[in-house]
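Have a look at the structure below, then the notes.
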Amino acid sequence: SLALAALSTIQNHRRKPMEANQNGTTNARASRSGRPRIPLADRIWSKVEKAGSCWLWTGYIQGGYGMVKESGGRRVLAHRAVYEILTGKIPEGLQLDHLCRVRHCVNPGHLEPVTQKENILRGISFSARNAAKSECPRGHSYDAANTRRDKYGKRHCRTCHHINETARRARLKAVAS
């Protein structure tokens with residue numbers, strides 16, 4: 001399975017230090033500091049700790065997500081880097097959703113490519129909570145016949161609107177007479 005192969009890769013990268021050639025130097029190109037560059041995969045696996053079914057990122061974390069520097073110095077999300085190493089390219093226009101809800105988990109088995117909308121609606125944000133509601137605050141159902149959307153996409157209950165308009169007309173009639 002993919003998880004076992006990846007775990008084997010993690011263990012192999014931890015066991016193998018960079019091998020020196022006949023001169024006693026490594027084959028890796030030197031960085032600006034003069035130290036040899038460590039390949040991205042080696043740097044990644046040295047910062048992954050298997051904890052239960054999650055593979056937790058132990059390196060730099062920003063906003064709950066693991067970060068790793070590419071060879072050019074640009075920071076990338078660790079879970080995206082691991083996913084691309086083990087599974088392949090992330091489809092254009094899709095994001096990786098953490099099915100386990102652990103932001104610093106890099107296990108590709110816990111990641112699913114989804115649209116941004118799907119990713120938001122699966123979460124716990126206000127948008128996700130409101131989208132999951134099936135009734136208005138007064139208890140009327142949000143179905144096709146009883147729901148209208150305004151120009152911003154916000155849902156409005158037709159039954160509540162009718163009740164409010166009837167009450168408004170009654171107040172206006174009472175003031176006018």
Side-chain angles (χ1 to χ4, degrees), residues 1-7 10 40 44 47-70 72-177:
S1 93
L2 174 66
L4 290 176
L7 183 57
I10 292 171
L40 180 62
I44 285 175
K47 293 179 176 139
V48 174
E49 178 182 306
K50 189 171 184 271
S53 65
C54 285
W55 300 353
L56 302 179
W57 181 255
T58 60
Y60 178 70
I61 294 177
Q62 181 177 352
Y65 294 97
M67 302 291 285
V68 64
K69 280 188 182 180
E70 288 184 321
R74 188 178 74 118
R75 284 201 175 136
V76 295
L77 293 165
H79 65 279
R80 291 178 64 91
V82 170
Y83 186 90
E84 289 187 352
I85 288 170
L86 298 177
T87 309
K89 195 98 173 107
I90 300 166
E92 188 70 30
L94 298 183
Q95 300 177 344
L96 292 177
D97 181 25
H98 286 84
L99 301 175
C100 61
R101 296 285 160 242
V102 179
R103 290 181 177 179
H104 62 285
C105 175
V106 297
N107 183 346
H110 293 188
L111 303 171
E112 181 183 6
V114 294
T115 63
Q116 181 178 12
K117 180 179 180 180
E118 180 68 24
N119 199 8
I120 290 170
L121 293 179
R122 286 181 176 182
I124 57 170
S125 65
F126 289 117
S127 301
R129 285 185 286 199
N130 284 331
K133 291 178 183 174
S134 60
E135 298 177 340
C136 77
R138 290 183 179 168
H140 306 120
S141 68
Y142 279 134
D143 57 19
N146 190 44
T147 307
R148 80 171 174 83
R149 293 196 179 263
D150 63 17
K151 65 181 180 179
Y152 304 106
K154 184 177 176 185
R155 295 182 295 186
H156 296 277
C157 173
R158 291 180 191 272
T159 304
C160 288
H161 179 72
H162 178 72
I163 292 168
N164 292 339
E165 281 299 304
T166 303
R168 185 182 69 81
R169 284 191 199 107
R171 284 191 309 271
L172 288 175
K173 192 173 184 180
V175 171
S177 48

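Positions are given from 1 along the sequence. From a predicted model like this one, the values you see are computed outputs, not experimental measurements.
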What heavy-atom pair brings P108 and Y83 nearest, and what distance separates the two atoms? CB-CD1, 4.1 Å
Return the minimal non-hydrogen interatomic distance between Y142 and C157, and the atom names on each side. CE2-N, 4.3 Å
With distance as the sole test, does R155 use its side chain to make a donor-acceptor pair with the main-chain N or O of T147 at under 3.5 Å? no
May I have the step-by-step check of side chain to side chain contact (heavy atoms under 4.5 Å, CB included) for R138 and I163, ending in yes or no? CA-CA 11 Å; R138 290 183 179 168; I163 292 168; 3.6 Å; yes
Electrostatic pair R158:E165 at N-O distance under 4.0 angstrom: no
Worked check of side chain to side chain contact (heavy atoms under 4.5 Å, CB included) between D150 and H156: CA-CA 7 Å; D150 63 17; H156 296 277; 3.0 Å; yes
Treating D97 as the side-chain partner and E118 as the backbone partner, does any N or O pair qualify as donor plus acceptor under 3.5 Å? no
Heavy-atom closest pair, residues C160 and H140: SG-ND1, 3.2 Å
Does the separation of the ring centres of H110 and H98 fall below 6.0 angstrom? no
Closest non-hydrogen atoms of S127 and L121, given as atom of the first, atom of the second and distance, are O-CD2, 4.2 Å
Between Y65 and H104 (judged by ring centroids, cut-off 6.0 Å), do the two rings come close enough to count as a pair? no
Counting C-beta onward and ignoring hydrogens, is there a side-chain heavy-atom pair between H79 and W57 closer than 4.5 Å? no
K173 vs R168, side chain to side chain contact (heavy atoms under 4.5 Å, CB included): CA-CA, chis, key distance, verdict: CA-CA 9 Å; K173 192 173 184 180; R168 185 182 69 81; over 6 Å; no
Show the numbers, then the answer: is there a side chain to side chain contact (heavy atoms under 4.5 Å, CB included) between L111 and L99? CA-CA 6 Å; L111 303 171; L99 301 175; over 6 Å; no
So N107 and C100, do their side chains get closer than 4.5 Å, heavy atoms only? no
K89: which residues meet the side-chain contact (heavy atoms from CB on, under 4.5 Å) condition with it, sequence neighbours left out? E84
Heavy-atom distance under 4.5 Å between the side chains of V76 and R80, does that happen here? no
Do the non-hydrogen side-chain atoms of V114 and L94 ever get within less than 4.5 Å of each other? no
The side-chain contact (heavy atoms from CB on, under 4.5 Å) partners of Q62 (sequence neighbours excluded) come to Y60, M67
Report yes or no: does N146 contribute a side-chain atom to a donor-acceptor pair with the main-chain N or O of S141 at less than 3.5 Å? yes
